[in-house]
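Quick caveat: nothing in here was measured; it's all calculated off a predicted structure.
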Amino acid sequence: MTRAKSPTTDLPRRHSLADRITEKGLCTRPGVDPDHWFPEVEPGRNAANQRRFYEQAAAERCSGCPVMYECWVTAQVEEGGLLMERGHEPHGIRAGLAPWVRLERLIASDIASNIDDEEEAA
């Protein structure tokens, strides 16, 4: 008598977003310094120049990353859910974006979501 195969053994392994980022992300390659995604502010620059420097660094460091979308989705979930509820703000570069850019987008998407919910309720 032959034993029936489990239906899941024939399916390819489903990777979580975090698995894909770990396997393919530019930031997770061997030899990459994690501090590279947390740029230091340069002394003597004004705030606007600092922000521009950081945003350029973010775009450059993540340019060409094959999992940038997965990184953005993960950042939204982690920062928008748990971190924002507890008053923590985003930090470091994720998905080619500076932390304040991600925060602005999170707030904008939350506002848009609340407007959509209010319109559906009306």
Side-chain angles (χ1 to χ4, degrees):
M1 177 168 159
T2 356
R3 178 175 270 177
K5 284 186 178 181
S6 165
T8 58
T9 58
D10 294 332
L11 298 174
R13 179 174 177 249
R14 292 183 179 223
H15 290 328
S16 71
L17 294 178
D19 288 340
R20 285 187 235 159
I21 293 167
T22 300
E23 291 171 3
K24 297 179 182 180
L26 295 179
C27 58
T28 61
R29 295 205 171 145
V32 172
D33 181 3
D35 291 336
H36 190 61
W37 273 260
F38 298 89
E40 294 286 330
V41 293
E42 291 186 11
R45 288 192 178 206
N46 67 28
N49 285 339
Q50 289 289 351
R51 287 172 73 97
R52 192 170 25 256
F53 165 77
Y54 202 105
E55 290 169 4
Q56 287 174 333
E60 289 170 6
R61 291 172 188 174
C62 296
S63 177
C65 183
V67 290
M68 195 154 6
Y69 175 76
E70 290 89 338
C71 187
W72 168 238
V73 170
T74 304
Q76 280 183 304
V77 170
E78 292 174 0
E79 295 170 347
L82 298 175
L83 297 179
M84 297 308 295
E85 288 174 9
R86 295 189 179 133
H88 299 284
E89 291 189 12
H91 62 280
I93 295 170
R94 291 181 83 174
L97 301 171
W100 53 87
V101 174
R102 295 193 313 274
L103 181 60
E104 290 167 1
R105 290 184 181 185
L106 284 168
I107 291 169
S109 67
D110 188 44
I111 290 170
S113 175
N114 288 337
I115 290 171
D116 290 343
D117 291 345
E118 289 173 7
E119 288 175 355
E120 286 179 14

Ile21 backbone acceptor or donor facing Thr28 side chain under 3.5 Å: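 Yes; at least one donor-acceptor contact below 3.5 Å.
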Is there a donor-acceptor pair closer than 3.5 Å between any side-chain N or O of Arg61 and the backbone N or O of His36? yes
Over all heavy atoms of both residues, which pair between [X] and [Y] is shortest? Give the atoms and the distance, please.
{"X": "Gly96", "Y": "Cys62", "answer": "N-SG, 3.2 Å"}
{"X": "Gly25", "Y": "Val67", "answer": "CA-CG2, 3.5 Å"}
{"X": "Ala58", "Y": "Ala98", "answer": "CB-N, 3.9 Å"}
{"X": "Phe53", "Y": "Pro39", "answer": "CE2-CB, 4.3 Å"}
{"X": "Pro90", "Y": "Arg102", "answer": "CB-NH2, 3.5 Å"}
{"X": "Glu104", "Y": "Arg51", "answer": "OE2-NH2, 3.7 Å"}

Please check if atom OH in Tyr69 has more than 12 non-hydrogen atoms from other residues, nucleotides or ligands closer than 6.0 Å. no
Basic-acidic side-chain contact under 4.0 Å: Lys24, Glu70: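 Salt bridge absent between Lys24 and Glu70.
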Going hydrophobic residue to hydrophobic residue with side-chain gaps under 4.5 angstrom, can you get from Tyr54 over to Leu97? yes
Cluster check Val101, Phe38: I/L/V/M/F/W/Y, side chain < 4.5 angstrom: yes
Output the distance between atom CG (Leu17) and atom CH2 (Trp72), rounded to the nearest 0.5 Å. 13.5 Å
Taken to the nearest 0.5 Å, the spacing of Trp37 CH2 from His91 NE2 works out to 14.5 Å
